Trainee: 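Just dropping this structure here.
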Amino acid sequence: YGILAAEKTNEKEIIMKLKNLVGDRFKERPADCVIDSHAFTIRGGYIKYVANGIYSLYPPMKRITRKIEEIIREEMDAIGGQEVLFPVALPGSLWEESGRFESVGDELLRFKDRNGSQMVLGMTHEEASVQLVREYGQTYTKYPFTIYQIQTKFRDEARPRAGLIRVREFTMKDAYSFHTSQEDLDRCYDTFYHTYNRIFQRAGVPEVIAVQSDSGMMGGSVSHEYMLLADAGEDSIVLCPECGYRSNMEAAENRVENENTLEKGELEKVFTPHCKTIEEVVEFLGVPVENSCKAVVYQKNSNDEYVIVFLRGDYEVNETKLTNYLGEKVHPAEITEESGIAAGFTGPYQLKASCQVIYDSSLKGIEYLICGANEEDYHYKGLNIQRDLKDVEYTDVSKIKTGGICPCCGKKTIQVKRGIEVGNIFQLGTKYTKSMNMTYTDADGSVKYPVMGCYGIGVGRLAASVCEARHDDNGPIWPISIAPWQVHLCCMRVDQEACKTAADKLYEDLQKAGVEVLYDDRDIRAGAMFADADLLGVPVRVVVGPKNLKNGQLELVTRDKRISRLIDLENAVTEIQEVIRQLFEEINAQVEPRK
């Protein structure tokens, strides 16, 4: 027992003393770090680049993610979730059962094992969850139930970026609920909706919002994404301050009310030399951009068939909406001479190219348009779709923009902001249970398919997102609930016995009191010590220096500088604990009660 206790003490000292902390901190910002959270997690010794989109975690980041996982587990267990663990490597046959082995693109990493069997690395685990419980859930008496895991996943992301924000290998909490009715799934979905709010609030980012989203490859009819508003975000969030409407760009309906500021005119072909862009054309012809029709050309991934989208000149194509409308993915077109498409001069009138044509609803009701004449250096003026074209049907495939009409309240109050997705929830219905033949016998003896929901949170992405939302020019400002340590203890003069003795004793007393403390007793300059402390972002900093110590006092300052005062050495532990309690109370005050 004595040997074990001694080993435990030594281990604790190694972990808690900064001079023993694995990982270096440095001043220079790496050239490839576009956003602050990426720069700080590299500079602060949190993560280490291994390969494109793949990182190792140093102890500070591991401690942060472990605390996030603890919060998640507490909240999942509180609503009846049961923790399981699925394999990372899965047989391709499972994904063939669901139909996703072929339908999912290159994001799914496929390989063969030594026996020639097709395998995949799990990027999501719907198939594995169904495989785990389809024998268990053969009778209605087993339902409802929810299982969850916190596990490594791999998504072969085409463009990893921003450190842990967009990676290929990542840790994720994913949960799967199984139900015998849509009504029961709705109740569970609502519970998860609020539970996720609690998780993000407890992690110190109560400003995370839930927005309606597109279900994408997950399938299902109802889905929400949890977004942390941040300028560094790569997702566009649509908000209405009037009615509270919230959606991501892919799911937001673009309503356009066109006002006919130009009277109807005769269709006229005009010479427009070297005017290929919509900006060049409207300037050359002196027509408002709202009276222009532009063409965006794609090709279907399946057969390279051309797809031409016509829309108002000041709008952009929403490729997710387009993909959902077509039922398959597309890519920007490579326009050849044989295609019959006049690049830069494509228009809907007398278009002879073999292609699928889509008219965006942003064109509806405009009586005077300019558009390409399908001949180089020529455009049409005065196009009236209702008069000049036959059987035109409109569909919404464009992006809503700031100042647009709210799909909910109808006011022109839409705001578009940037955000980072930190979680998502989906109602899957029977998409997976039906394709994978998971059935149960109901009370009346009939055989039915369970309905499912799935719910995910990226652990590392959440940590990096908190850093993005909580930092200053010098480093992260970690919320107390997920900070790597609660207290950063700085001994300013280790060469002075009184100072070192007081700091050592306070370090021991804090540990005995159960306070998570990182102790810096290195013999270095104060500027370097405080620079490291800023990069580590610990919420409470206690400085033991000879000047204040002469008066029996220490300096206590929080990382966000809201609290800064001198405390008595003899009451230091109590006062430090009180500040920690205060910081926790501030976070808990913003956590909604459990339903």
Side-chain angles (χ1 to χ4, degrees), residues 25-26 28-49 53-55 57-58 60-69 71-72 157 159-173 196-197 199-211 225-237 239 246 248-249 415-424 456-484 534-539 558-561 587 590:
R25 289 151 298 284
F26 53 91
E28 298 77 17
R29 184 185 180 104
D32 61 341
C33 293
V34 178
I35 66 173
D36 290 334
S37 60
H38 187 193
F40 287 137
T41 50
I42 292 289
R43 287 180 53 209
Y46 294 87
I47 62 175
K48 175 70 178 293
Y49 176 88
I54 301 174
Y55 292 87
L57 306 186
Y58 284 115
M61 182 56 76
K62 182 57 183 172
R63 293 173 70 93
I64 292 167
T65 56
R66 186 173 67 195
K67 289 186 177 183
I68 291 174
E69 290 174 10
I71 291 172
I72 290 172
E157 182 66 47
R159 293 177 296 277
R161 60 178 293 274
L164 298 183
I165 297 292
R166 182 173 286 277
V167 290
R168 293 195 295 162
E169 182 179 292
F170 53 97
T171 299
M172 186 173 179
K173 187 286 300 180
Y196 268 38
N197 288 339
I199 289 171
F200 299 123
Q201 290 157 0
R202 289 184 61 185
V205 279
E207 62 269 39
V208 169
I209 60 173
V211 302
E225 291 174 345
Y226 287 79
M227 309 296 298
L228 177 60
L229 298 181
D231 292 337
E234 57 185 20
D235 293 308
S236 294
I237 312 304
L239 308 170
R246 298 180 298 200
N248 69 7
M249 181 64 74
Q415 297 177 359
V416 178
K417 297 187 176 182
R418 307 299 295 173
I420 302 170
E421 181 188 345
V422 291
N424 49 55
I457 291 177
V459 176
R461 173 180 282 198
L462 177 55
S465 299
V466 173
C467 180
E468 191 62 38
R470 301 283 183 269
H471 72 267
D472 58 17
D473 292 340
N474 300 314
I477 304 174
W478 295 111
I480 189 74
S481 56
I482 66 169
D534 285 340
L535 282 172
L536 289 166
V538 177
T558 53
R559 177 65 182 82
D560 59 11
K561 305 299 190 293
I587 286 180
Q590 299 187 75

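Because the structure is a prediction, the values reported are computed rather than measured.
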Trainee: Just wondering, do Pro484 and Ile64 contact through their side chains at under 4.5 Å, heavy atoms?
Mentor: yes

Trainee: For Lys67 and Ala483, work out which heavy atoms get closest and say how close.
Mentor: NZ-O, 2.6 Å

Trainee: Verify, without hydrogens or angle tests, whether Thr41 (side chain) and Tyr46 (backbone) share a donor-acceptor contact under 3.5 angstrom.
Mentor: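 Absent.
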
Trainee: Please check: side-chain N/O of Glu468 versus main-chain N/O of Ser37, any donor-acceptor pairing under 3.5 Å?
Mentor: yes

Trainee: Quick check: do Lys173 and Ile199 have side-chain heavy atoms less than 4.5 Å from each other?
Mentor: no

Trainee: I need the minimum non-hydrogen distance between Leu535 and Arg25, along with the two atoms involved.
Mentor: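 Closest approach of Leu535 to Arg25, heavy atoms only: CD1-CB, 4.0 Å.
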
Trainee: Compare all side-chain heavy atoms of Val466 with those of Ile68 and state whether any distance is below 4.5 angstrom.
Mentor: no

Trainee: Nearest 0.5 Å, what's the CZ-CD1 distance between Phe200 and Ile457?
Mentor: 4.0 Å

Trainee: Kindly compute the distance separating CD (Glu421) from CG (Leu228), expressed to the nearest 0.5 Å.
Mentor: 12.0 Å

Trainee: Could you pull out the closest heavy-atom pair between Ala469 and Glu207, with the gap in Å?
Mentor: CB-OE2, 4.1 Å

Trainee: Phe26: which residues meet the side-chain contact (heavy atoms from CB on, under 4.5 Å) condition with it, sequence neighbours left out?
Mentor: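 Here the qualifying residues are Glu28, Pro30, Ile42, Arg43.
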
Trainee: Which heavy-atom pair separates Arg559 from Gly537 by the least distance, and what is that distance?
Mentor: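 Closest heavy-atom pair between Arg559 and Gly537: NE-CA, 3.9 Å.
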
Trainee: State which residues pass side-chain contact (heavy atoms from CB on, under 4.5 Å) with Ala464; sequence neighbours excluded, sorted by chain then number.
Mentor: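 Partners of Ala464 under the side-chain contact (heavy atoms from CB on, under 4.5 Å) test: Leu164, Ile165.
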
Trainee: Could you state the interatomic distance from CD1 (Ile71) to CD (Gln201), rounded to the nearest 0.5 Å?
Mentor: 11.5 Å

Trainee: Would you say Arg461's side chain and Phe170's backbone share a donor-acceptor pair under 3.5 angstrom?
Mentor: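 Checked: no pair found.
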
Trainee: In terms of the angle between their ring planes, are Tyr55 and His38 parallel, tilted or perpendicular, with boundaries placed at 30° and 60°?
Mentor: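 Taking His38 first and then Tyr55, their aromatic rings stand perpendicular (interplane angle over 60°).
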
Trainee: Donor-acceptor check, side chain of Arg246 to backbone of Val211, threshold 3.5 angstrom: yes or no?
Mentor: no

Trainee: Where do Val422 and Val205 land on the side-chain contact (heavy atoms from CB on, under 4.5 Å) test, with the steps shown first?
Mentor: CA-CA 11 Å; Val422 291; Val205 279; over 6 Å; no

Trainee: Side-chain contact, heavy-atom cut-off 4.5 Å: Ile482 with Leu462?
Mentor: no

Trainee: To the nearest 0.5 Å, what is the distance between CD1 on Ile54 and CD1 on Ile47?
Mentor: 13.0 Å

Trainee: Do Ser236 and Arg418 make a side-chain contact, defined as non-hydrogen atoms from C-beta onward lying under 4.5 Å apart?
Mentor: yes

Trainee: Starting at CZ of Arg66, measure out to CG of Leu57 and round the result to the nearest 0.5 Å.
Mentor: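 One gets 12.0 Å once the value is rounded to the nearest 0.5 Å.
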
Trainee: Ile587 and Ser481: which non-hydrogen atoms are nearest, and at how many Å?
Mentor: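 Nearest pair, atom of Ile587 first, then Ser481: CD1-OG, 3.6 Å.
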
Trainee: Using side-chain heavy atoms (C-beta onward) and a distance below 4.5 Å, is Asp235 in contact with Asn248?
Mentor: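 Sidechains of Asn248 and Asp235: no contact.
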
Trainee: For the atom pair OH (Tyr196) and CD (Glu225), what is the distance rounded to the nearest 0.5 Å?
Mentor: 12.5 Å

Trainee: What are the two closest non-hydrogen atoms of Asp560 and Thr558, and how far apart are they?
Mentor: OD1-OG1, 2.7 Å

